[in-house]
Amino acid sequence: MKKALFPGTFDPPSLGHMDIIHRALRLCDQLYIAIAHNVRKPNPSFSIEEKKAMLEELTKEFPNIKVISFSGLVVDCAKQIQADCLIKGIRTFSDFEYESQMALANRKLGGIDTIFLVADERYAGLSSSLIREIASLGGNLHDFVPSLIEERVKTRFKAVS
Ligand code: COA
């Protein structure tokens with residue numbers, strides 16, 4: 001049984017993340033979505049618990065998906081759940097440069113390979129920070145976040161603006 005780990009910050013989850021999740025499911029038997037306590041991105045807009053609740057709701061139709069969180073190295077998380085590979089989405093050439101460095105480091109540190117899925121062209125220009133900016137300026141999120149969490153994202157930014 002092949003187990004894959006899809007790590008990320010998911011602040012908030014986007015349609016781009018959902019596209020990667022659906023496509024990754026075709027490549028493995030079990031998919032772990034791992035929400036990182038990301039030291040490079042302090043002060044997230046959503047707590048780990050809120051992101052976990054959103055991702056669980058968004059993937060509830062798939063019994064072979066589990067949502068977890070982790071702090072520290074992604075390779076340690078992968079080891080803990082005995083993952084066979086990591087999944088990462090690649091949107092642009094600069095993503096590839098950055099992600100290939102991470103993939104090399106992760107292979108050195110944990111002997112684990114990374115599978116890159118090229119983002120669907122609809123989401124190649126998308127990022128969670130762009131979504132947060134649009135939400136904070138009152139823009140329409142329909143094309144960026146799953147409709148199930150759209151109100152939640154809007155409300156969060158209405159509350160802080
Ligand atoms: N479609 C649309 N947007 C996408 C996307 C897709 N397919 N894939 C990624 N994105 C967005 C994300 O929302 C994120 O947006 P943001 O920067 O505005 O928040 C951005 O692209 C970058 O995504 P990603 O590269 O996946 O970064 P991340 O911040 O979500 O997650 C970790 C990075 C947590 C996976 C990585 O830092 C990590 O593994 N950390 C653990 C510590 C560690 O092990 N470090 C050593 C590694 S060698």
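Numbering starts at 1 and runs along the sequence shown. When a ligand or atom number is given, it counts from 1 through the structure's own listing order.
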Q) Heavy-atom contact under 4.0 Å between E99 and ligand 1? A) yes
Q) Can you tell which part of A36 has a heavy atom less than 4.0 Å from ligand 1: side chain, backbone, both or neither? A) side chain
(Q) Here's a test for you: under side-chain contact (heavy atoms from CB on, under 4.5 Å), which of N64, I87, I20 qualifies with L25? (A) N64
Q: Mark up the atoms of ligand 1 that fall under 4.0 Å of a heavy atom belonging to S129, in ascending order.
A: 16 (P), 18 (O)
Q: Mark yes when over 12 heavy atoms from residues, nucleotides or ligands other than K3 sit less than 6.0 Å from its NZ; otherwise mark no.
A: yes
Q | Location of contacts on S128 toward ligand 1, heavy atoms closer than 4.0 Å | A | both
**Q.** For atom 1 (N) of ligand 1, the protein heavy atom that lies nearest, with its residue and separation
**A.** G16 CA, 3.2 Å
Q | Contact summary for F10 and A34, nearest pair of heavy atoms | A | CE1-O, 3.6 Å
(Q) Quick check: closest heavy atoms across L130 and G125, and the distance to 0.1 Å? (A) CD2-O, 3.6 Å
Q: Check I68 against C77 and note the closest heavy-atom contact, atom names and distance.
A: CD1-SG, 3.8 Å
**Q.** Enclosure of E56 CD (heavy-atom neighbours >12, cutoff 6.0 Å)
**A.** yes
Q | Numbered atoms of ligand 1 (with element) below 4.0 Å of L126, judged on heavy atoms | A | 2 (C), 3 (N)
Q.
Side chain, backbone, both or neither: which applies to N38 and ligand 1 if a contact is any heavy-atom pair less than 4.0 Å apart?
A. side chain
Q.
Which of the numbered atoms in ligand 1 are under 4.0 angstrom from any heavy atom belonging to A105?
A. 48 (S)
Q. Can you find a protein heavy atom closer to atom 30 (O) of ligand 1 than 4.0 Å?
A. yes
Q: Consider every N or O of V74 and every N or O of ligand 1, then say whether any pair is closer than 3.5 Å.
A: yes
Q.
Which of the numbered atoms in ligand 1 are under 4.0 angstrom from any heavy atom belonging to P7?
A. 35 (C)
(Q) For H37 and F70: C-alpha separation, side-chain torsions, deciding distance, then whether ring-ring contact (aromatic ring centres under 6.0 Å, His included) applies. (A) CA-CA 6 Å; H37 291 268; F70 74 103; 8.0 Å; no
Q: Please write down residue, atom name and distance for the protein heavy atom closest to atom 41 (C) of ligand 1.
A: G72 O, 3.6 Å
Q: Answer with side chain, backbone, both or neither: which part of K41 has a heavy atom less than 4.0 angstrom from an atom of ligand 1?
A: side chain
**Q.** Any protein heavy atom nearer than 4.0 Å to atom 13 (O) of ligand 1
**A.** yes
Q) Taking atom 26 (O) of ligand 1 as the point of reference, which of M102, K108, K88 owns the nearest heavy atom? A) K88
**Q.** Distance from atom 9 (C) of ligand 1 to nearest protein heavy atom, with residue and atom
**A.** H17 NE2, 4.1 Å
Q: Given salt bridge (charged side-chain N to carboxylate O under 4.0 Å, His left out), test R156 with E50 step by step and report yes or no.
A: CA-CA 11 Å; R156 172 56 42 96; E50 287 171 321; 2.6 Å; yes
(Q) Counting non-hydrogen protein atoms only, what is the nearest one to atom 40 (N) of ligand 1? Give residue, atom name and distance. (A) F70 CZ, 4.6 Å
Q) Are more than 12 heavy atoms from other residues, nucleotides or ligands located less than 6.0 Å from atom CD of E57? A) yes
Q | Within-cut-off N or O pair, R91 and ligand 1, under 3.5 Å | A | yes
**Q.** Greater than 12 external heavy atoms within 6.0 Å of F96's CZ
**A.** no
Q) Taking the non-hydrogen atoms of A103, is any one of them nearer than 4.0 angstrom to ligand 1? A) no
Q: Give the C-alpha distance, both sets of side-chain angles, the deciding distance and a yes or no for salt bridge (charged side-chain N to carboxylate O under 4.0 Å, His left out) between D11 and K41.
A: CA-CA 10 Å; D11 194 41; K41 295 178 179 173; over 6 Å; no
Q) Is there a heavy atom of R40 sitting under 4.0 angstrom from any atom of ligand 1? A) no
Q. Is there a donor-acceptor pair closer than 3.5 Å between any side-chain N or O of T59 and the backbone N or O of F62?
A. no
Q: Please confirm whether N106 comes within less than 3.5 Å of ligand 1 when only nitrogen or oxygen atoms on both sides are compared.
A: no
Q: Could you tell me which atoms of ligand 1, counted from 1 in the order shown, lie closer than 4.0 angstrom to a heavy atom of T9?
A: 28 (P), 29 (O), 30 (O), 31 (O)
Q) So, the side chain of K51 versus the backbone of T9: is there a donor-acceptor pair under 3.5 Å, distance only? A) yes
Q: Would you confirm whether S128, through its side chain, and P12, through its main-chain N or O, come within 3.5 Å as a donor-acceptor pair?
A: yes
Q: Around atom 45 (N) of ligand 1, find the nearest protein heavy atom and jot down its residue, atom name and distance.
A: L73 CD2, 4.0 Å
Q.
For I20, state whether at least one heavy atom is located under 4.0 Å from any atom of ligand 1.
A. yes
